[in-house]
*Asks:* 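Can you keep this structure in mind? I'll have questions shortly.
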Amino acid sequence: MANEVTVPLLPCASIDDMVDFYAVLGFRTTYRQRKPNPYVALQREDLHLHFFEIAGFDPEQSYGSCLVLTSDIEGLHRAFAAGMRATYGKVLVSGTPRMTRPRARKNYDGVSGFSVIDPGGNWIRVVHRAAAPEPTPAGRLAKALANAVVQADSRGDVRQAVRILDSALARHQVGDDPVAQIEVLVYRAELAVVLHDLDTATEMLARVERVVLNADESERAAAAFQNAAELAAALK
């Protein structure tokens, strides 16, 4: 039998909070009830998410999670980011709710992904629907970045990711890829914002500006520079 559809049912402390947040991301309410149990169904095109309310639920203790597979991960992230900017004036990168940026995931065979952590503490893990695994990161800094992304963006262990990046940044080696250095510095700045360590975030972004690149390297680092610019704007 074909054409089955699976819809995740995720917990939350307030279905009203879920409706408000997901409306920012472009979802509409397709069903809602208060009795006998608070429950809401949300939809954005072919993406369906349902939530049920639990009295006294603590989002920080949530294990709720689901995978979303898409062929246009950058487009979906841009749409979510635009909704956040329109409502909050910025992309939320710290606290709950928040959203990470698309990055290659070592624990998904190098396939790009990002996560939305909603007001219920649920991790909506958006992954690119790739036909084949991506190449394994090469170089000391790229490998450190890949390991840090697994810890922070997949497992939610931001402090372990910070330890990985700080160790890599403390040991400069001849032959280090300057683009990878910029990507590590920008990600370290983002994690500092998550931890509300704005001094470190500012320091890392200042170090980005001191990295010397040639024309080809500057083109390769364009996405990292864009992320850095958004972080810098959020710090003002």
Side-chain angles (χ1 to χ4, degrees), residues 1-103 105 107-108 111-129 149-159 193-196:
M1 186 178 294
N3 301 316
E4 294 89 348
V5 175
T6 299
V7 177
L9 277 64
L10 301 169
C12 65
S14 166
I15 61 170
D16 295 334
D17 289 346
M18 309 308 282
V19 169
D20 291 345
F21 173 71
Y22 279 98
V24 170
L25 305 186
F27 286 74
R28 62 186 178 88
T29 301
T30 59
Y31 177 78
R32 184 172 185 162
Q33 70 176 37
R34 295 302 310 180
K35 296 180 179 180
N37 301 298
Y39 185 94
V40 67
L42 305 175
Q43 179 180 356
R44 184 188 190 277
E45 298 180 345
D46 292 330
L47 178 53
H48 298 260
L49 297 173
H50 292 196
F51 300 94
F52 58 95
E53 185 176 310
I54 301 176
F57 182 77
D58 181 3
E60 294 299 323
Q61 303 302 318
S62 177
Y63 286 91
S65 184
C66 74
L67 282 177
V68 175
L69 303 180
T70 177
S71 58
D72 186 15
I73 195 165
E74 296 290 346
L76 190 58
H77 185 270
R78 282 196 301 271
F80 287 176
M84 285 187 175
R85 291 191 188 98
T87 301
Y88 308 118
K90 62 181 180 180
V91 176
L92 304 180
V93 298
S94 64
T96 302
R98 65 185 182 277
M99 180 171 68
T100 68
R101 301 174 188 275
R103 292 188 178 88
R105 301 292 182 88
N107 52 331
Y108 288 125
V111 174
S112 181
F114 71 92
S115 296
V116 174
I117 299 86
D118 67 25
N122 302 296
W123 284 63
I124 312 302
R125 304 173 189 272
V126 184
V127 180
H128 186 256
R129 186 186 285 113
V149 169
V150 170
Q151 294 299 322
D153 286 10
S154 291
R155 295 184 58 197
D157 191 344
V158 175
R159 296 190 184 280
V193 172
V194 173
L195 295 174
H196 305 289

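Residue numbers start at 1 and run along the sequence shown. All values below come from the heavy atoms of this structure, side chains included, with hydrogens, waters and symmetry mates left out.
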*Asks:* For a quick test of reading the model, state the closest non-hydrogen atom pair linking Ala79 to Arg44 and the distance between them.
*Replies:* CB-NH2, 3.3 Å
*Asks:* Looking at side-chain heavy atoms only, is the closest gap between Val149 and Ser154 below 4.5 Å?
*Replies:* no
*Asks:* Would you give the length of the straight line joining atom NE2 of His128 to atom OG1 of Thr70, rounded to the nearest 0.5 angstrom?
*Replies:* 7.0 Å
*Asks:* Flag the pair Arg34 / Ile15 as yes when at least one side-chain heavy-atom distance between them is below 4.5 Å, and no otherwise.
*Replies:* yes
*Asks:* What's the separation between atom CZ in Arg125 and atom CD1 in Ile117, rounded to the nearest 0.5 Å?
*Replies:* 8.0 Å
*Asks:* Quick check on Arg155: does its CZ atom have over 12 non-hydrogen neighbours (other residues, nucleotides or ligands) under 6.0 Å away?
*Replies:* no
*Asks:* List the residues meeting side chain to side chain contact (heavy atoms under 4.5 Å, CB included) with Asp157, not counting sequence neighbours, and say none if there are none.
*Replies:* Gln151, Arg159, Gln160
*Asks:* Does any N or O in the side chain of Ser71 come within less than 3.5 Å of the main-chain N or O of Arg129, such that one atom is a donor and the other an acceptor?
*Replies:* no
*Asks:* Is there a side-chain contact between Leu25 and Met84, using heavy atoms and a 4.5 Å cut-off?
*Replies:* yes
*Asks:* What are the two closest non-hydrogen atoms of Val126 and Ile73, and how far apart are they?
*Replies:* O-CD1, 3.6 Å
*Asks:* For a quick test of reading the model, state the closest non-hydrogen atom pair linking Thr30 to Gln43 and the distance between them.
*Replies:* CG2-OE1, 3.5 Å
*Asks:* Applying salt bridge (charged side-chain N to carboxylate O under 4.0 Å, His left out) as the test, list every pair that has at least one member in residues 85-95; sequence neighbours left out.
*Replies:* Arg85-Glu230
*Asks:* Taking the side chain as everything from C-beta on, heavy atoms only, tell me whether Leu49 gets closer than 4.5 Å to Cys66.
*Replies:* yes
*Asks:* Look at atom CG of Asp46 and say whether more than 12 heavy atoms of other residues, nucleotides or ligands are closer to it than 6.0 Å.
*Replies:* no
*Asks:* Go through the steps to decide whether Val93 and Arg98 satisfy the test side-chain contact (heavy atoms from CB on, under 4.5 Å), and finish with yes or no.
*Replies:* CA-CA 5 Å; Val93 298; Arg98 65 185 182 277; 5.7 Å; no
*Asks:* How long is the straight-line distance from CZ of Arg103 back to OG of Ser115, given to the nearest 0.5 Å?
*Replies:* 10.5 Å
*Asks:* side-chain contact (heavy atoms from CB on, under 4.5 Å) for Phe52 and Leu9? Distances and angles first, verdict last.
*Replies:* CA-CA 7 Å; Phe52 58 95; Leu9 277 64; 4.3 Å; yes
*Asks:* Val19 vs Arg32, test: side-chain contact (heavy atoms from CB on, under 4.5 Å). Steps then yes/no.
*Replies:* CA-CA 10 Å; Val19 169; Arg32 184 172 185 162; 3.8 Å; yes
*Asks:* Determine, stepwise, if the pair Thr96 / Glu60 fulfils side-chain contact (heavy atoms from CB on, under 4.5 Å).
*Replies:* CA-CA 9 Å; Thr96 302; Glu60 294 299 323; 3.4 Å; yes
*Asks:* Is it true that a side-chain atom of His196 and a backbone atom of Gly95 form a donor plus acceptor pair closer than 3.5 Å?
*Replies:* no
*Asks:* How long is the straight-line distance from CE of Met18 back to CG of Asn122, given to the nearest 0.5 Å?
*Replies:* 5.0 Å
*Asks:* Apply ring-ring contact (aromatic ring centres under 6.0 Å, His included) to Tyr88 and list each qualifying residue two or more places apart in sequence or on a separate chain.
*Replies:* none
*Asks:* Within this structure, what is the CG-CG distance for the pair Leu10 and Leu42, rounded to the nearest 0.5 Å?
*Replies:* 10.0 Å
*Asks:* Determine the sole option in Phe21, Tyr22, Tyr39 for which the ring pair (Phe, Tyr, Trp, His ring centres under 6.0 Å) test with Phe51 is passed.
*Replies:* Tyr22
*Asks:* Give me the atom names and distance for the closest heavy-atom approach of Pro102 to Ser112.
*Replies:* CB-OG, 3.8 Å
*Asks:* Return the CD to CZ distance between Glu74 and Phe114, rounded to the nearest 0.5 Å.
*Replies:* 9.0 Å
*Asks:* Could you report the tightest heavy-atom contact between Val7 and His50, atom names first, then the distance?
*Replies:* CG1-CD2, 3.5 Å
*Asks:* How about Ser62 and Pro11: do any of their side-chain heavy atoms sit closer than 4.5 Å?
*Replies:* yes
